[in-house]
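Heads up, the thing below is written out as structure tokens.
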Protein chains: 2
Amino acid sequence: MSDKKDVATEQLIKNTAKKLFFGEGRFNATTQEIADEAGVNRTLINYYFRSRDNLFNIVFEDAQQKEINFTDMVVFSDMPFREKIEKYLDMYFEQAKEYPYLEIYMVTQMNQGSCFKDPEQISRVLDKFYLEIALEMDKGNIDKMRPEQFLLNMISLTSFPVSMRPLLQETMGFKKEEYDRLMEERKQIILNTLFK
Amino acid sequence: MSDKKDVATEQLIKNTAKKLFFGEGRFNATTQEIADEAGVNRTLINYYFRSRDNLFNIVFEDAQQKEINFTDMVVFSDMPFREKIEKYLDMYFEQAKEYPYLEIYMVTQMNQGSCFKDPEQISRVLDKFYLEIALEMDKGNIDKMRPEQFLLNMISLTSFPVSMRPLLQETMGFKKEEYDRLMEERKQIILNTLFK
DNA sequence: TTTTTGTTTAACTATTTTGTTTGACAATTT
DNA sequence: AAATTGTCAAACAAAATAGTTAAACAAAAA
């Protein structure tokens with residue numbers, strides 16, 4: 001069986017869709033645009049994915065799984081708390097270079113009816129993380145608050161400047177390079193803000 | 001001249017569009033959907049706004065202006081620094097009830113080519129705010145960092161949990177009411193995080 | 001070599017969405 | 001009373017997009 005050429009093209013189409021959605025924020029890309037960007041005939045999208053909707057759903061679920069694996073890797077890694085956070089920041093900013101609009105995409109999709117498929121898996125990770133946060137508060141390394149609020153703080157400080165970059169960069173009057181530099185400083189800023 | 005009925009309907013259509021875009025995150029609402037939601041004939045949208053694109057642009061510019069006025073009001077108000085931040089938080093969370101997706105909408109629009117029309121006005125406000133932040137750092141009320149980073153922190157901590165609510169609420173496994181309660185606690189959390 | 005498979009091209013259909021036109025009608029203005 | 005204005009309804013034209021089908025072909029597999 002030819003397990004190769006077809007899988008490659010299918011993957012190419014999926015990756016191109018991801019690039020357009022998560023990478024460039026073009027959430028309304030048409031099948032034609034996706035095909036063009038992939039350098040592939042538009043009919044192939046139907047051939048492999050049957051319908052546009054189906055492709056969108058598959059990509060959405062991929063993104064979900066990616067996010068879950070991402071947090072999993074951090075939370076279940078065998079590291080001291082603070083190092084975990086640092087690891088998370090590194091990984092996040094790394095992925096953000098390729099897919100800055102992943103979260104916004106998820107929100108827009110969920111506003112159109114999509115939802116998560118495996119809540120179990122998530123809450124398992126979260127519970128463990130909340131425990132660790134609480135422990136860290138007892139040690140006095142971070143301010144006391146509901147662990148959920150700490151998590152919100154962490155995600156907010158990290159994701160927002162990435163997801164909202166077009167808006168922020170323009171609002172704050174930065175050039176590309178200036179904003180890039182701001183982002184590079186950001187890891188340390190976030191650590192200082194989270195840990196007292 | 002009848003300065004009334006027509007202006008009212010034009011406004012109604014605009015408000016309905018805003019409600020769908022900023023309020024419900026339905027960024028792809030069709031003219032038909034907008035008309036239905038407004039309880040008005042679809043042709044009226046063309047009658048008043050000529051084209052769908054035009055309506056979208058007008059709404060976008062309205063949103064811009066709204067954001068500018070918003071920050072203006074806070075920054076140029078005659079209050080001590082910390083109270084300004086509190087005022088900002090109050091106003092933001094208040095508006096968030098009506099238009100939680102305003103920022104995301106702006107980002108999606110800007111990813112499709114829109115941009116700000118009056119950068120001057122913005123930088124005037126920002127410069128003043130940066131000065132105040134720097135001053136506050138000298139006083140030792142907040143950690144030293146580039147004022148831009150402080151601003152990023154502030155906006156991130158505030159906006160992210162609002163804009164990304166569908167994603168976060170689902171991810172964190174909250175019911176509506178639980179997330180609402182989390183948001184109510186949030187003002188104090190943010191203040192504690194920003195000020196040392 | 002023959003067959004199968006992945007891919008392209010092109011033509012065509014269906015559906016959705018936008019935009020236009022026209023005629024009617026009620027309310028308001030003149 | 002007559003004219004104007006805002007609104008609606010219905011029908012239609014035009015464009016954009018999605019999806020289907022069939023014929024052809026090259027590369028890989030049999």
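For B:Glu33 and C:dT16, the CD to C1' distance is 11 Å, given to the nearest whole Å. Taking atom CG of A:Asp36 as the reference point, atom P of D:dT17 lies 11 Å away to the nearest angstrom. Across the protein-nucleic acid pair, B:Glu10 atom CD and D:dT5 atom P stand 16 Å apart, rounded to whole Å. The distance between atom CG of A:Asn28 and atom P of D:dA16, rounded to the nearest whole Å, is 16 Å. Computed from coordinates, the B:Asn54 CG to C:dG19 C1' distance equals 13 Å when rounded to whole Å. For the pair B:Arg50 CZ and C:dT20 P, the interatomic distance rounds to 9 Å; values are reported in whole Å. Atom pair B:Leu44:CG and C:dT20:P shows a separation of 14 Å (rounding to whole Å applied). Straight-line distance from the CZ atom of A:Phe56 to the C1' atom of D:dT17: 12 Å, rounded to whole Å.
Considering only side-chain atoms of A:Asn41, the nucleotide from D:dC8, C:dT8, C:dT20 that sits closest is C:dT8. In this structure, the nucleotide among D:dC8, D:dT20, D:dG6 sitting nearest to the side chain of B:Thr43 is D:dC8. Of the candidate nucleotides D:dC8, C:dG19, D:dT20, C:dG19 has the atom nearest to the side chain of B:Ser51. Distance from the side chain of A:Arg52 is smallest to D:dG19 among D:dG19, C:dT9, C:dG19. Residue A:Val40 has its side chain nearest to C:dT8 when only C:dT8, D:dC8, C:dG19 are considered. Counting only heavy atoms from C-beta on, A:Thr30 has its side chain closest to D:dA18 among D:dA18, D:dG6, D:dT20.
Contact annotation: A:Thr31 side-chain N/O to D:dA18 OP1/OP2 distance is under 4.0 Å.
Classified by interplanar angle (parallel below 30°, tilted 30° to 60°, perpendicular above 60°), the ring pair A:Phe81/A:Phe150 is tilted. By the 30° and 60° cut-offs, the orientation of the rings of A:Phe60 relative to A:Tyr105 is tilted.
Tested against A:Ser114, the residues A:Gln109, A:Gln64, A:Glu61 include a single side-chain contact (heavy atoms from CB on, under 4.5 Å) partner, A:Gln109. Of the candidates A:Lys175, A:Arg165, A:Gln169, A:Arg165 is the only one forming a side chain to side chain donor-acceptor pair (under 3.5 Å) with A:Asp180.
Under 3.5 Å, the side chain of A:Arg42 and the base of D:dG19 form at least one donor-acceptor pair of N or O atoms.
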ring-ring contact (aromatic ring centres under 6.0 Å, His included) between B:Phe21 and B:Phe56, worked out: CA-CA 10 Å; B:Phe21 299 159; B:Phe56 274 49; 4.7 Å; yes

